[in-house]
Amino acid sequence: MFEIFIISIVTFAAAILTFFSGFGLGTILTPVMMIFFPTEIAIAFTGLVHFSNNIFKFLLVGKNIDKKILLRFGLPSVIAAFVGSYILLLIDDNIVIFSYYFFDKKIDVILIKFLISILLIIFAIIDLTPQIKDLHFDKKYLPLGGFLSGFFGGLSGNQGALRSAFLIKHGQEKSVFVATTVAISSLVDITRLSVYSTNFLNLNYSDFYQLGFLSVVSAVAGSFVGNRLLKKVTIEQIKKIVALLLILIGIFLLIGVL
């Protein structure tokens, strides 16, 4: 029950942040899930919660989509998400890349956690780097941005930072930006979940139904609150705090402590 409570609170808070900041729900939720559950369960449930959250947000703001950006950015995202998801399934989650002893306890660091931790740290640093935030990508680079965002979304669930970097500087109203990113993110989620399902359907989820249900409910509740706050709140300092915490969690996962 403790694990379910923690993850529900984190999901609720993360859903609020992502709604009006572009900060990735998957970026926050994946490492928290990985603390308590096997990697494949963590990725599967994060994808499910992320998709459910996006569907709810789409119902709220979907009418404001920029269709041209959706096509130019979203189509490459879907193609790349398939590639990234497939690569993830090819990685053997039993491969130990190094081991060490901590107070006479042997700690194994497996490959899949190592890779996801590295990506988590990189994307958290991106959120902390003003120079990257100030970068302006011309619209001609939208397909490239879509491909990169989709690929890392499929591989690790980290897609929000790159997507925002390529889209946020194109003069869209906040409601249009949110609607368009939600639509693109939903397409990526559909793609990666369809690929994941070829492997995850063989897993035993009987012990995780309650977690899945409460996580989805928490994400929807957070999105509802985020929608109410959309025009009232700026969270630059909160983003920095969360990014630092993600880096810390990423380091702990990287060395096998969590």
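- Note that OG of Ser85 is 9.5 Å distant from CZ of Phe151, once rounded to the nearest 0.5 Å.
- Without hydrogens or angle criteria, Tyr196 side chain to Leu88 main chain gives no donor-acceptor distance under 3.5 Å.
- Follow the hydrophobic side-chain contacts under 4.5 Å out from Ile255 and you reach Leu244 in the same cluster.
- Here the straight-line distance linking atom CD1 of Ile69 with atom CD1 of Ile184 works out to 7.5 Å at 0.5 Å rounding.
- For Asn94, the side chain to side chain contact (heavy atoms under 4.5 Å, CB included) criterion is met by Asp92, not counting sequence neighbours.
- Under the rule for a side-chain hydrogen bond (donor to acceptor under 3.5 Å, both in side chains), the partners of Ser185 that lie at least two apart in sequence or sit in another chain are Asn54.
- Separating the CG atom in Leu120 from the CD1 atom in Ile118 is a distance of 9.5 Å, to the nearest 0.5 Å.
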Tell me which donor-acceptor pairs under 3.5 Å the side chains of residues 108-115 have, and how far apart each pair is, sequence neighbours excluded?
| unit_1 | atom_1 | unit_2 | atom_2 | d |
| --- | --- | --- | --- | --- |
| Asp108 | OD1 | Ser99 | OG | 2.5 |
| Lys113 | NZ | Leu258 | O | 3.3 |

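- In this structure, Ala80 and Phe147 approach most closely via the heavy-atom pair CB-O, 3.0 Å.
- Every residue two or more places apart in sequence or in another chain that forms a side chain to side chain contact (heavy atoms under 4.5 Å, CB included) with Phe51 is listed here: Ile55, Asp189, Ile190, Leu193.
- Under the 4.5 Å side-chain heavy-atom criterion for grouping Ile, Leu, Val, Met, Phe, Trp and Tyr, Ile107 is connected to Ile116 within one hydrophobic cluster.
- For the pair Arg192 (side chain) and Gly150 (backbone), a donor-acceptor distance under 3.5 Å is absent.
- Not counting sequence neighbours, the partners of Phe123 by the ring-ring contact (aromatic ring centres under 6.0 Å, His included) test are Phe152.
- Using modelled atom types, no side-chain atom of Asp138 and backbone atom of Tyr141 make a donor-acceptor pair closer than 3.5 Å.
- Annotation for Phe252: atom CZ does not count as buried by contact number, only 12 or fewer foreign heavy atoms lying within 6.0 Å.
- Hydrophobic clustering of Ile, Leu, Val, Met, Phe, Trp and Tyr side chains at less than 4.5 Å, counting indirect connections, unites Leu253 with Ile247.
- Partners of Val78 under the side chain to side chain contact (heavy atoms under 4.5 Å, CB included) rule, at least two apart in sequence or in another chain, are Leu187, Thr191.
- At distances below 3.5 Å, not a single donor-acceptor pair connects side-chain atoms of Thr180 with backbone N or O atoms of Phe177.
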